[in-house]
Amino acid sequence: MTLLTPQVHLPSLPEIEHYGTNQALGPDTFRPDGLDSGPGGALSGTVSGELTRLLFDGDDREHIHGMWRDLISKDTFRHRPGLGSAERAALSYEWLRLVNDTAGGAERLADDPRLLAGLHEWAAIVDGGGGLCTVASIHYNLFLGSLLDHEGAERRDLSDFTTLRRTGTFLCTELDHGNDASALETTAELDPATGGFVLNTPHPGAQKFMPNTSMTGGPKSAVVAARLIVDGRDEGVFLFLTPLSDERGLLPGVRVRRLPLRTGAPVDHCLTAFDRVLLPRDALLESEHGRLDTDGRFHSDLGNRRKRFLQSIGRVTMGKLCMSGAAVGATRAALSIAVRYGDHRQVSGPRAGERIPVNAHRSHHGRLLKGLASAYAMTFLHRSVLARWAAVHAGGDAGERAETERLIAIAKSWITWQARDITIECRERCGAQGLFAANGLSEFPQYVEGTITAEGDNLVIWVKAAAEMLFEHQPPREATEPPGDVERLTDPRHLRGLLARAEAAWQDRARAALRRGPSGDPVERWNGASSAALEMVSVHARLQAADAFLDAVARATDPEARELLERLCRLFLLQQLGEHTGDLLADGHLSAEQVRALPQLLDELLRDLAPHMTDLIEGFDLPTAYLEGIPLANSGRLSLADYTTEAE
């Protein structure tokens with residue numbers, strides 16, 4: 001059977017000829033968008049440099065990102081065809097050792113939020129980077145970070161873990177308990193005779209689910225979340241330092257079974273159970289939320305067991321930042337590959353025998369530009385919440401902690417959901433060639449799926465945030481004013497104000513629904529309000545991203561870069577407002593004329609931004625060595641030889 005591809009006959013398209021691709025613009029081209037172009041349509045080299053400065057922490061760029069960017073430039077991180085799942089899992093641990101050798105101290109890395117999140121941004125983009133990100137996040141953040149955050153860390157000998165003679169893992173989630181991990185059933189019972197603990201898995205549903213506990217990567221230890229039982233009383237869930245294996249294999253009482261291969265992260269995921277494993281007294285990680293005195297009596301500053309649990313696993317908040325960092329890193333890489341491919345992938349033009357880049361078409365470059373606008377917003381939002389958390393971590397205002405933790409959770413969900421959509425779009429824009437592993441695109445959506453679930457399922461943490469924000473949060477309610485003319489919609493600050501009004505409208509709607517609900521049925525009452533409350537959280541996330549974007553625009557010192565960023569920010573905001581025009585029109589914040597004008601304004605922005613796609617991806621500062629290893633990203637290197645081997 002022959003598959004026929006219809007030939008699209010295009011009319012004369014001056015728009016494509018003049019705006020569709022950087023190659024179409026010469027050094028003397030007049031630019032109606034007001035930005036001066038250099039040779040080939042690109043802006044001056046200072047623009048991409050300024051974008052990089054703004055995206056990557058300014059003066060702190062070298063400290064936070066430099067070592068990781070240099071690390072992934074090494075040949076060892078290039079694609080290795082033919083590796084099986086077990087080999088790829090083992091490779092993740094080899095790479096972890098390279099990270100450890102590069103970090104300048106494992107404890108320093110675990111205790112520096114920005115450095116740790118930066119590692120995830122860069123590690124996520126390498127071949128099989130999902131595996132490296134997973135084992136690094138577990139070892140440095142959840143395992144070593146938990147040890148450092150509890151009392152007595154200075155008295156523990158951590159050298160086995162900081163030198164990777166033993167790899168750390170984190171065992172919290174159980175087969176029967178995921179997002180309700182506070183209800184987990186593994187127990188650690190105080191033995192009055194020895195002062196130690198007996199760690200036990202009471203039934204199959206209490207097996208620890210998905211930790212990397214096999215012998216792959218060498219001997220391992222874990223911090224295990226278990227119920228502390230003292231004199232028959234359940235004092236809540238605490239963490240216990242537990243050796244799992246040594247050079248000879250698993251230790252007595254530890255049972256590990258491998259789980260099936262999980263796409264997107266080549267890691268040795270397992271089920272893990274304990275059969276009355278004996279632990280010493282100092283296995284318990286103690287702090288003000290719970291400790292035992294010398295007589296074995298329990299003391300806590302928190303009377304609520306759930307609060308004790310949340311404090312025990314406090315490193316999950318940093319984990320959300322790590323997952324967000326990995327997602328923005330993967331998104332930027334996917335867009336860089338797709339844009340480069342679109343520049344040199346030739347398709348039939350409107351005239352007989354003519355060939356033009358696929359990026360010349362609005363139907364192609366428009367989707368990538370929208371992704372670029374979101375990727376910049378995602379990155380700036382990540383930087384904003386990470387800076388807030390670093391201040392809290394360094395001993396800042398304790399009152400900021402709860403609000404910051406909530407914002408981190410909201411941002412993680414929005415960022416990872418956006419990352420999934422954009423990485424899928426990038427793969428599609430590269431056609432069938434985007435499916436080949438050598439091109440670095442096909443695994444991004446699969447890995448991002450893991451970030452959506454890791455450290456708290458996105459929807460569940462948004463439900464929690466929605467319940468808190470329904471009455472605790474007050475969105476800005478600026479004074480109502482006449483909508484004005486269409487020209488007002490070119491002001492990003494005005495667009496931001498419209499988005500804030502949309503958030504307030506959804507909060508009002510959710511509050512009204514909650515009041516209407518049956519007072520005797522709390523589940524049904526929340527069900528009636530939850531849809532509107534979740535939409536409120538969604539708009540809040542995008543509003544926070546817009547604020548971070550506008551702050552970055554204000555910090556730009558290069559005029560061309562500032563103008564380019566402001567237009568990209570307008571593109572982002574116009575996209576976010578599209579679904580809310582009905583409410584804004586009904587409430588008098590938009591006029592009918594403005595609503596009708598929005599599609600044209602959006603299309604004009606895409607036209608004006610199309611020649612600058614190269615500048616925007618150059619700002620992502622991906623290493624040349626990384627890009628050279630990806631066939632799709634290199635004009636002139638795209639050939640069957642990049643994908644094929646001799647048949648046997």
Side-chain angles (χ1 to χ4, degrees), residues 18-70 73 118 121-122 328-329 331-333 335-340 342-343 359 365 368-369 371-380 382-384 492 548-572 605-628 633-635:
H18 296 295
Y19 293 101
T21 175
N22 292 337
Q23 289 89 334
L25 292 170
D28 299 320
T29 302
F30 170 70
R31 297 187 54 90
D33 60 12
L35 294 172
D36 295 328
S37 61
L43 295 174
S44 63
T46 59
V47 171
S48 59
E50 176 73 341
L51 296 178
T52 298
R53 183 186 71 83
L54 294 167
L55 285 166
F56 295 100
D57 296 289
D59 294 340
D60 290 333
R61 171 184 166 202
E62 188 60 31
H63 162 69
I64 297 170
H65 302 280
M67 73 172 76
W68 308 131
R69 184 183 183 278
D70 292 343
S73 299
E121 284 189 49
W122 295 98
V328 296
T331 300
R332 294 193 301 257
L335 284 162
S336 295
I337 296 168
V339 170
R340 283 173 168 83
D343 275 344
N359 269 352
H365 69 241
L368 295 178
L369 274 167
L372 282 165
S374 293
Y376 271 75
M378 291 155 62
T379 302
F380 292 136
H382 179 63
R383 298 283 178 259
S384 174
F549 207 146
L550 288 167
D551 286 345
V553 172
R555 294 196 306 273
T557 56
D558 180 86
E560 291 178 320
R562 185 188 307 114
E563 175 66 15
L564 180 58
L565 269 182
E566 183 173 298
R567 292 183 180 216
L568 196 66
C569 185
R570 277 167 41 205
L571 174 59
F572 172 74
L605 265 178
L606 294 174
R607 179 201 66 193
D608 294 345
L609 285 167
H612 308 300
M613 293 171 73
T614 297
D615 294 294
L616 292 169
I617 61 169
E618 287 294 332
F620 294 159
D621 199 32
L622 291 171
T624 300
Y626 167 77
L627 292 169
E628 287 179 346
N634 294 277
S635 177

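Worth knowing before you read on, the calculation uses all heavy atoms, side chains too, and leaves out hydrogens, waters and symmetry mates.
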Next on the checklist: Distance check, rounded to the nearest 0.5 Å: His365 atom NE2 versus Leu609 atom CG?
Outcome noted: 9.0 Å

Next on the checklist: Side chains of Arg61 and Thr52, heavy atoms from C-beta outward: is any pair under 4.5 Å?
Outcome noted: yes

Checklist outcome for this item: When rounded to the nearest 0.5 Å, the distance separating CD of Glu628 from CG of Leu622 is 12.5 Å

Checklist outcome for this item: Which of Thr557, Leu55, Asp615 passes side-chain contact (heavy atoms from CB on, under 4.5 Å) with Glu50? It is Thr557

Checklist entry - Could you go step by step and tell me if Glu563 and Arg567 meet the salt bridge (Lys or Arg N to Asp or Glu O under 4.0 Å) rule? => result CA-CA 6 Å; Glu563 175 66 15; Arg567 292 183 180 216; 2.7 Å; yes

Item to check | Results of side chain to side chain contact (heavy atoms under 4.5 Å, CB included) for Ala338 - residues two or more places apart only | outcome: Leu368, Cys426, Cys430

Next on the checklist: So, using salt bridge (Lys or Arg N to Asp or Glu O under 4.0 Å) as the criterion, who are the partners of Arg562 when residues are at least two apart?
Outcome noted: none

Checklist entry - When rounded to the nearest 0.5 angstrom, what is the spacing between CE in Met378 and CG in Leu372? => result 11.0 Å

Next on the checklist: Do Val553 and Leu568 make a side-chain contact, defined as non-hydrogen atoms from C-beta onward lying under 4.5 Å apart?
Outcome noted: no

Item to check | Heavy-atom closest pair, residues Glu566 and Pro492 | outcome: CG-CG, 3.8 Å

Next on the checklist: Test salt bridge (Lys or Arg N to Asp or Glu O under 4.0 Å) on Glu121 and Arg383; report intermediate values, then the result.
Outcome noted: CA-CA 12 Å; Glu121 284 189 49; Arg383 298 283 178 259; 2.5 Å; yes

Checklist entry - When you look at Ile617 and Arg340, which way does the side-chain contact (heavy atoms from CB on, under 4.5 Å) test go after all the steps? => result CA-CA 9 Å; Ile617 61 169; Arg340 283 173 168 83; 3.1 Å; yes

Item to check | Side-chain H-bond candidate by donor/acceptor type, Glu560 with Thr46, under 3.5 Å | outcome: no

Item to check | Distance, nearest 0.5 Å, that separates CG of Leu571 from CG of Asp608 | outcome: 11.0 Å

Checklist entry - Rounded to the nearest 0.5 Å, what separation is found between the CD1 atom of Ile337 and the CG atom of Leu627? => result 7.5 Å

Item to check | Option passing side-chain contact (heavy atoms from CB on, under 4.5 Å) with Val47 (candidates Leu565, Leu616, Asp558) | outcome: Asp558

Item to check | Distance-minimising heavy-atom pair for Ala333 and Tyr626 | outcome: CB-OH, 3.7 Å

Checklist entry - Going from SG on Cys569 to CG on Leu564, what distance comes out if it is rounded to the nearest 0.5 angstrom? => result 11.5 Å

Item to check | Non-neighbouring partners of Arg69 that pass side-chain hydrogen bond (donor to acceptor under 3.5 Å, both in side chains), sequence neighbours left out | outcome: Asp621

Checklist outcome for this item: Nearest heavy-atom contact between Arg53 and Ala556 is NH2-CA, 4.2 Å

Next on the checklist: Tell me if the aromatic rings of Trp122 and Phe56 count as close, with their centers under 6.0 Å from one another.
Outcome noted: yes

Next on the checklist: List the residues meeting ring-ring contact (aromatic ring centres under 6.0 Å, His included) with Phe620, not counting sequence neighbours, and say none if there are none.
Outcome noted: Tyr376

Next on the checklist: Do Arg332 and Thr379 have side chains that approach each other closer than 4.5 Å (heavy atoms only, starting at C-beta)?
Outcome noted: yes

Item to check | Under the side-chain hydrogen bond (donor to acceptor under 3.5 Å, both in side chains) test, residues paired with Ser374 that sit two or more places apart | outcome: none

Checklist outcome for this item: side chain to side chain contact (heavy atoms under 4.5 Å, CB included) filter on Ser73, not counting sequence neighbours, yields Pro623, Ala625

